[in-house]
Amino acid sequence: MLSWTIGDVTITSIPESVTPTSPRFMYADLTKEGVLARAEAAPWLRPHFVTDDGYLLQTIQCLIIDNGTDRIAVDTCIGNDKERHNELWANLDGPFLDDMAASGYPVESITHVVCTHLHVDHVGWNTRLLDGEWVPTFPNARYLFEAAEFEHWKNEPSLFEDDDVFGDSVAPINAAGLADMVTSDHRVNDQVHFQPTPGHTPGHISVVIESAGQKAIITGDMAHNPMQIADPELSSMFDTDQDAARVTRKRVFPGWADGETLVIGTHFGPPTAGTMRPDGNGYRLEV
Ligand SMILES: [Zn+2]
């Protein structure tokens with residue numbers, strides 16, 4: 001189990017999947033040979049984030065921030081029983097909730113749910129299927145949605161149009177009265193606040209954790225793979241606005257690359273976290 005301590009706060013990973021992924025799935029023009037060329041220029045990308053045959057090692061996980069009082073679940077993966085266009089994500093029947101409970105986090109104990117953005121792989125466990133209805137998985141949590149992000153996806157088809165992501169994983173939370181609309185710099189508690197990182201989606205946020213002089217960041221999808229740390233110009237085909245995503249990386253990375261802040265990549269393969277330093281035209285992640 002991956003877990004990190006930041007002052008008085010612990011951050012625990014509950015993975016739903018760790019999968020070697022074709023680069024073309026996320027970066028339209030990037031071949032496996034192109035990935036290996038990038039790994040040649042940035043050797044630290046191997047073996048954790050890029051395989052020897054040019055695949056990307058991608059995690060889908062929930063990160064639970066626990067300060068002893070609040071238990072904040074950041075991003076809720078794909079979820080079970082969802083009808084999805086991507087057959088790897090359709091009608092899952094995984095042990096995610098059992099894994100949460102085994103890690104000390106039964107669903108009733110979660111006080112807040114934060115979605116860095118409202119894509120399919122970040123909202124799935126917001127709800128679960130009970131007697132044919134989508135009901136909130138975390139009955140005692142406030143679900144914090146960035147207001148512009150919520151408004152955008154309320155009116156926009158999902159990444160894959162026939163997936164009703166908003167309808168099965170976001171709207172039922174609002175209908176149940178558990179949703180709070182918040183700003184992109186929202187403070188959740190004394191240790192945890194949002195940092196606006198738009199571009200991947202209009203209201204995308206990263207999550208900052210600060211305690212006892214230590215600091216960590218949860219990236220969300222402003223970088224899908226550490227290749228985007230090595231080269232902040234590299235945008236994903238899933239970015240709503242690829243140029244805005246580049247601008248965001250160039251704006252925030254200098255502040256994160258102090259060699260001390262723990263950067264936890266929402267989709268980065270294990271060990272998932274490291275510290276950043278400037279390196280060439282970009283940065284490197286030291287794990
Ligand atoms: Zn994602």
Side-chain angles (χ1 to χ4, degrees), residues 2 11 13-28 30 49-50 55-64 73-80 82 84-90 92 94 96 113-127 143-146 149-150 152-153 156-161 163-166 168-170 184 194-207 217-229 234-242 244-246 248-249 252 263-270 272-273 285:
L2 285 173
I11 305 162
S13 165
I14 312 291
E16 189 180 56
S17 65
V18 181
T19 319
T21 303
S22 165
R24 286 186 192 273
F25 179 68
M26 287 183 292
Y27 307 98
L30 190 59
F49 309 121
V50 168
Y55 283 82
L56 311 178
L57 284 171
Q58 299 297 116
T59 301
I60 295 178
Q61 65 187 326
C62 175
L63 294 159
I64 300 177
V74 180
D75 287 332
T76 62
C77 309
I78 306 284
N80 279 0
K82 307 267 158 136
R84 296 293 181 247
H85 167 274
N86 182 339
E87 62 182 25
L88 292 176
W89 296 350
L92 296 185
F96 179 81
V113 175
V114 168
C115 301
T116 58
H117 61 298
L118 299 183
H119 274 166
V120 54
D121 53 321
H122 298 261
V123 301
W125 278 111
N126 283 0
T127 58
Y143 287 66
L144 311 181
F145 296 125
E146 203 281 333
E149 182 76 3
F150 183 93
H152 176 82
W153 293 107
E156 192 77 13
S158 74
L159 273 182
F160 309 106
E161 284 193 36
D163 290 352
D164 188 15
V165 173
F166 193 92
D168 61 37
S169 300
V170 181
S184 60
F194 296 174
Q195 178 174 16
T197 45
H200 179 62
T201 61
H204 187 281
I205 58 108
S206 300
V207 180
I217 303 276
I218 295 173
T219 60
D221 285 9
M222 53 83 71
H224 283 100
N225 180 281
M227 284 190 308
Q228 291 172 282
I229 286 175
L234 179 64
S235 277
S236 154
M237 62 189 280
F238 295 131
D239 291 347
T240 305
D241 183 335
Q242 296 196 357
R246 285 185 192 98
T248 283
R249 283 189 294 277
V252 303
V263 177
I264 304 172
T266 299
H267 286 312
F268 297 0
T272 297
L285 187 69

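If you read the sequence from its start, that first residue is 1, and numbering goes on from there. Numbering of ligands and ligand atoms starts at 1, following listing order.
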Parallel, tilted or perpendicular: ring planes of W89 versus F25, cut at 30 and 60 degrees: perpendicular

Salt bridge present between D121 and R84 (N-O < 4.0 angstrom): no

Distance below 2.8 Å from the Zn ion (ligand 1): protein N/O/S atoms: D121 OD2, H122 NE2, D221 OD2, H267 NE2

Close side-chain approach of I229 to F268, heavy-atom, < 4.5 Å: yes

For Y27, all residues meeting ring-ring contact (aromatic ring centres under 6.0 Å, His included), sequence neighbours excluded: none

Plane angle bin for H204 and H200 - parallel if under 30°, tilted between 30 and 60°, otherwise perpendicular: perpendicular

Geometric class of the H267/H224 ring pair [parallel <30°, tilted 30-60°, perpendicular >60°]: parallel

